[in-house]
Peer 1: 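Sharing a structure below in structure tokens format, with a few things to ask.
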Amino acid sequence: MIAIKPIKLTPKKISSLTATAIILITLIILIFLSLFLYKNFYQAITQTKEIMILREKVAIDAVNLEKFNLIMDKLAEKIRPSEAQEIISPFR
């Protein structure tokens, strides 16, 4: 059977363990704080910038589809070539 030696805690060991624990806890808190700030502030700001850019490209007013279809029909009618019914031949 292996005998386990009791750990001798001296004031120097206690202070170094405490300092190490405080540094480790501080680093963990800083990491969580950085993630929180990134998620809740930085990403929100970038999304707001994207929304502002997209608003400039998208029409703000709603389109009346009936009027749009009517205008497109009139345009198509205007562009459509008319049938020539009576062409006078210069060779007759």
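For the numbers below, each heavy atom of this structure counts, side chains included, while hydrogens, waters and symmetry mates do not. One-based numbering along the sequence shown.
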Peer 1: Could you give the distance from CG (L37) to CZ (F32), rounded to the nearest 0.5 Å?
Peer 2: 13.5 Å
Peer 1: Roughly how far apart are L24 CG and I22 CD1, rounded to 0.5 Å?
Peer 2: 11.0 Å
Peer 1: Same cluster for F41 and L33 if Ile/Leu/Val/Met/Phe/Trp/Tyr side chains link at under 4.5 Å?
Peer 2: yes
Peer 1: If you define the side chain from C-beta out and look only at heavy atoms, does anything of K13 sit under 4.5 Å from T10?
Peer 2: yes
Peer 1: To the nearest 0.5 Å, how far apart are CG in N64 and CG in N69?
Peer 2: 9.0 Å
Peer 1: For the CD1 atom of I45 and the CG atom of N40, what is their distance to the nearest 0.5 Å?
Peer 2: 11.0 Å
Peer 1: Can you tell me how far apart CG (L30) and CG (L35) are? Round to the nearest 0.5 Å.
Peer 2: 11.0 Å
Peer 1: If I take atom CD from residue Q47 and atom CD from residue E50, how far apart are they, to the nearest 0.5 angstrom?
Peer 2: 7.0 Å
Peer 1: With I23 as reference, evaluate T20, I25, T26, L27 under the side-chain contact (heavy atoms from CB on, under 4.5 Å) test and give the passing residue.
Peer 2: L27
